[in-house]
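So the structure is just underneath, and the comments pick up after that.
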Amino acid sequence: MRPRQPIPSNMLGAESQGMIGYVLAQELRNARPERQVATLLTQTLVDRRDPAFQRPTKPIGPVYTAEQVLALGETRGWSFAKDGAGQRRVVASPAPIEVIEQSIIERLMRDGTLVICAGGGGVPVAKDAAGRLIGLEAVIDKDLAAALLAIRLNVDRLVILTDVEAVYRDWGGPYATPLRMIRADDPAGQTYAEGSMGPKVRAARQFALATGREAFIGSLDDVTGVLAGSSGTRITP
């Protein structure tokens, strides 16, 4: 019997989009039965020459022992990074260039459909020499993909919801302070953790600078307050 081949991460990403999209669509339909809701499997175009492919940083999958890392590195060519007492596989996180299904999303929106799309940043794809789409084992940052789509769709606002109240100055320190407003064009703006708030602030800044409109970052539990400006962080152009 031939050994079972691992399922590529891009296919697993497509599977996750479907599962999570199903749950979101069902809950939204239950909450707003008068609205049409659609989950759209979404592909995001990247450049195979993106430098991120030379520096994989996004951890995926389980934690492996040193013996497993050695074996998997030899047989599958995977890259790994330390995670606690073990190591996890890491893949590239290339910049999103285009959402392949953008025109479909636009048509659905014009018809009044609430569209769930670009889950997990979208399934990463590239074009081969013949212009055909091929899947890649990578992870696209979901916040940057959301900002790209929001800019291309010319939406009124970009709202990024997470599990904390707002963007904080000195997060994790004794003097952590929530920031109620960030100027997108502030060259002296502080840096934020890449594994958490950094991509969200970068995405919000990209949207604000590209559109001249505001973006918001805040807690999923208080989306009304985030939109009203009474909680969360507002990113202004």
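When a residue number appears, it is its place in the shown sequence, counting from 1. The figures that follow rest on heavy atoms only: side chains count, while hydrogens, waters and symmetry mates do not.
Here the CG atom belonging to L158 is positioned 11.5 Å from the CG atom belonging to D156, to the nearest 0.5 angstrom. For the atom pair CD of Q206 and OG1 of T211, the computed distance is 11.5 Å after rounding to the nearest 0.5 Å. Atom CZ of R213 sits about 16.0 Å away from atom CD1 of I235, to the nearest 0.5 Å. Atoms CZ and CG, from R29 and L114 in turn, are 9.5 Å apart once rounded to the nearest 0.5 Å. If you take CG on L45 and CG on L133, they are separated by 7.0 Å, rounding to the nearest 0.5 Å. In this structure, the separation between CZ on R110 and CZ on R107 is 7.0 Å, given to the nearest 0.5 Å.
Remark: F216 engages no residue in a ring-ring contact (aromatic ring centres under 6.0 Å, His included) (not counting sequence neighbours).
When all heavy atoms of V99 and T42 are compared, the pair lying nearest together is CG1-CG2, 3.3 Å. Looking at every heavy atom in both residues, A138 comes nearest to F53 through CB-CE2, 4.1 Å. Heavy atoms only, all atoms of each residue included: P56 and A92 are closest at CB-N, 3.8 Å. When all heavy atoms of V159 and L161 are compared, the closest pair comes out as CG1-CD2, 3.7 Å. Minimum heavy-atom separation, I116 to A25: CD1-N, 3.4 Å.
Of the charged side-chain nitrogens involved, none lies within less than 4.0 Å of a carboxylate oxygen, so that R48 and D128 do not count as a salt-bridged pair.
Side chain of T113 to backbone of V115: no donor-acceptor contact under 3.5 angstrom is found. Between the R180 side chain and the G232 main chain, a donor and an acceptor come within less than 3.5 Å of each other. Counting only distance, with no hydrogens or angles, the side chain of Q68 and the backbone of T65 share a donor-acceptor pair below 3.5 Å. Checked by atom type and distance alone, the side chain of S219 never pairs as donor or acceptor with a backbone atom of D163 at under 3.5 Å. Side-chain atoms of Q17 do not come within 3.5 Å of backbone N or O of C117 as any donor-acceptor pair. The backbone N or O of R202 sits nowhere less than 3.5 Å from a side-chain atom of D143 that would complete a donor-acceptor pair. T236 contributes no side-chain N or O that, together with a main-chain N or O of E214, makes up a donor-acceptor pair within less than 3.5 Å.
Within a 6.0 Å radius of CE in M11, other residues, nucleotides and ligands contribute 12 heavy atoms or fewer.
For residues 118-127, the set of pairs meeting the side-chain hydrogen bond (donor to acceptor under 3.5 Å, both in side chains) definition, not counting sequence neighbours, is empty.
Here the rule is side chain to side chain contact (heavy atoms under 4.5 Å, CB included) with K200, and of T233, I160, V164, V167 only I160 fits it.
Note: the hydrophobic cluster containing V23 does not contain L28 (ILVMFWY, side chain heavy atoms under 4.5 Å, direct or indirect links). Under a hydrophobic-cluster definition in which Ile, Leu, Val, Met, Phe, Trp and Tyr are linked whenever side-chain heavy atoms come within less than 4.5 Å, directly or via other members, I182 and F207 are assigned to the same cluster.
Aromatic ring orientation, Y64 versus F80: perpendicular (interplanar angle above 60°, classes split at 30° and 60°).
Side-chain contact check for S9 and E137: at least one donor-acceptor pair (N or O, by modelled atom type) lies under 3.5 Å.
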